[in-house]
S.K.: 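One structure coming up, written as structure tokens, with questions to follow.
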2 protein chains.
Amino acid sequence: MDTGTNTEAAIARTLKKNNLSITESRKKILQLFLEQTGALAHGDIEKKAGEKFDRVTVYRTLQTFVEKGIIHTIPTADNSIRYALCKDACSDGHHHDHHVHFVCTNCKKTYCLDDVVTPEIKLPKDYTAEQVEVVVEGLCRDCR
Amino acid sequence: MDTGTNTEAAIARTLKKNNLSITESRKKILQLFLEQTGALAHGDIEKKAGEKFDRVTVYRTLQTFVEKGIIHTIPTADNSIRYALCKDACSDGHHHDHHVHFVCTNCKKTYCLDDVVTPEIKLPKDYTAEQVEVVVEGLCRDCR
DNA sequence: TTTGATTTTGCAACAATGTTGCTTTTTAAT
DNA sequence: ATTAAAAAGCAACATTGTTGCAAAATCAAA
């Protein structure tokens with residue numbers, strides 16, 4: 001049994017499912033996410049895959065993946081967008097990532113806590129909530 | 001009674017309280033925040049005050065204000081840090097902005113909901129929470 | 001399997017954003 | 001008024017993100 005082949009098959013399936021043609025850069029970048037526990041910033045991806053692909057390609061691939069609901073963005077206080085894989089429930093343009101994100105203040109890794117659901121927030125009368133983003137900062141498993 | 005003078009006095013007091021010398025750029029930028037309901041992105045500040053000050057001065061002033069706890073940053077999903085005034089409880093380096101932030105999906109304004117406290121989040125055992133950031137997206141007062 | 005339309009990539013040029021070192025100016029205390 | 005310390009301005013640079021277009025890869029058809 002060849003794990004490499006299986007992963008590659010899963011990647012191809014994901015791309016097909018989203019009506020995306022199967023290209024080297026998409027395969028490579030999607031694989032980076034699958035190999036990864038935490039989330040990835042654009043810079044990380046550029047470093048890891050960047051020798052092989054143009055910067056522009058990385059930007060466009062990430063954009064495409066977000067649009068298709070394959071990955072989602074995670075807001076952070078510093079100026080670096082982070083991306084993480086979506087669960088299957090996500091689809092074109094509409095994300096259902098109602099989970100909490102965790103950023104380690106020590107190692108700076110970002111995690112999706114898929115089992116921790118974002119709470120209801122009581123807003124002042126005049127505001128309507130569409131989506132709630134929760135980012136918790138602290139120490140992760142490995143850092144304490 | 002001259003409101004302008006009073007505001008200016010309040011600004012000077014804030015700067016003094018934080019051991020900052022009173023300069024034109026600091027006064028101007030602090031005034032922008034006081035005049036403002038919502039939060040300001042760096043770009044906004046540069047546009048509003050930028051004709052008078054160097055870009056670098058704006059960067060350094062914002063950085064100083066954050067360090068002193070006069071303003072705090074607000075995480076967003078797009079790549080633009082936003083800044084808003086801190087309540088008095090904030091001090092050097094340590095912020096106590098345990099309130100929810102609101103971003104209007106229509107007008108893109110960002111608000112501090114000072115009265116809405118961030119909830120407790122139950123994390124998996126292995127994680128330690130230090131700070132919880134909540135950003136709610138939706139429609140603000142003016143946009144619905 | 002080859003062909004051909006369509007999509008994606010890479011390149012180049014550019015725009016915007018953020019950073020650093022150094023000189024001049026401003027501030028505030030004497 | 002003098003002066004040491006702090007901040008602003010300037011220039012140059014680094015990083016990050018965007019756009020248009022030509023070349024290459026993908027995929028569906030014959």
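Just so we're on the same page: letters track the sequence lines, and every chain starts at 1.
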S.K.: Assign a letter to each nucleotide of nucleotides 16-23 of chain C from its 5' end: B, base within under 4.0 Å of a protein heavy atom; S, sugar-phosphate only; -, no contact.
M.R.: -SBBBB--
S.K.: So which pairs with a foot in residues 24-37 of chain A pass salt bridge (Lys or Arg N to Asp or Glu O under 4.0 Å), sequence neighbours left out?
M.R.: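 Sorted pair list: A:Glu24-A:Lys27.
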S.K.: Please identify each residue that fulfils salt bridge (Lys or Arg N to Asp or Glu O under 4.0 Å) with A:Glu130, with sequence neighbours left out.
M.R.: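 Expected list: none.
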S.K.: If I take atom CG in residue B:Asp54 and atom P in nucleotide C:dT25, what distance separates them, rounded to the nearest angstrom?
M.R.: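 Whole-Å distance recorded here is 15 Å.
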S.K.: Could you tell me the separation between the CG atom of B:Leu62 and the C1' atom of D:dA7, rounded to a whole number of Å?
M.R.: 15 Å
S.K.: Take the protein atom CD1 of A:Ile45 and the nucleotide atom P of D:dG17, then report the distance between them rounded to whole Å.
M.R.: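 Atom CD1 in A:Ile45 sits about 11 Å away from atom P in D:dG17.
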S.K.: Would you mind building the protein contact string for nucleotides 24-30 of chain D? One character per nucleotide, 5' to 3', B for base within reach (heavy atoms under 4.0 Å), S for sugar-phosphate only, - for untouched.
M.R.: --SS---
S.K.: By side-chain hydrogen bond (donor to acceptor under 3.5 Å, both in side chains), which residues pair with B:Thr128, not counting sequence neighbours?
M.R.: A:Arg144
S.K.: Check whether the ring centres of B:His42 and B:Tyr59 lie less than 6.0 Å apart, and answer yes or no.
M.R.: yes
S.K.: Measure up the A:His99 and A:His72 rings against each other and bin them: parallel (under 30°), tilted (30 to 60°), perpendicular (over 60°).
M.R.: perpendicular
S.K.: Between atom CG in A:Asp44 and atom P in D:dT15, what is the gap in whole Å?
M.R.: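 After rounding, the reported distance stands at 15 Å.
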S.K.: Can you list the residues that meet the side-chain contact (heavy atoms from CB on, under 4.5 Å) rule with A:Ala12, with sequence neighbours excluded?
M.R.: A:Ile22
S.K.: With sequence neighbours excluded, tell me which residues meet side-chain contact (heavy atoms from CB on, under 4.5 Å) with B:Ala41.
M.R.: B:Asp44, B:Arg82
S.K.: Which is true for A:Ser25 with a 4.0 Å heavy-atom rule: it touches a base, it touches only sugar-phosphate, or it touches nothing?
M.R.: sugar-phosphate
S.K.: With sequence neighbours excluded, give me every ring pair (Phe, Tyr, Trp, His ring centres under 6.0 Å) pair touching residues 110-144 of chain B.
M.R.: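 Residue pairs with at least one partner in residues 110-144 of chain B: A:Phe102-B:Tyr127, A:Tyr111-B:Tyr127, A:Tyr127-B:Tyr111.
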S.K.: Holding to side-chain contact (heavy atoms from CB on, under 4.5 Å), I want the full list of residues that pass it with B:Asp126, two or more places apart in sequence or in another chain.
M.R.: A:Arg141
S.K.: With A:Asp142, which residues qualify under salt bridge (Lys or Arg N to Asp or Glu O under 4.0 Å), at least two apart?
M.R.: none
S.K.: In degrees, rounded to 10°, what is the bend between the two ends of the helix from C:dT1-D:dA30 to C:dT30-D:dA1, using five pairs at each?
M.R.: 30°
S.K.: Specify the separation, in whole Å, of atom CZ of B:Phe53 and atom P of C:dT25.
M.R.: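 Checked: the CZ to P distance equals 17 Å.
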S.K.: Figure out the NZ/C1' separation between A:Lys27 and C:dT8, and round it to whole Å.
M.R.: 14 Å
S.K.: How would you list, by chain and number, every residue that makes a side-chain hydrogen bond (donor to acceptor under 3.5 Å, both in side chains) with A:Thr61, sequence neighbours excluded?
M.R.: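 Expected list: none.
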S.K.: To the nearest Å, how far apart are B:Lys52 NZ and D:dA7 C1'?
M.R.: 16 Å
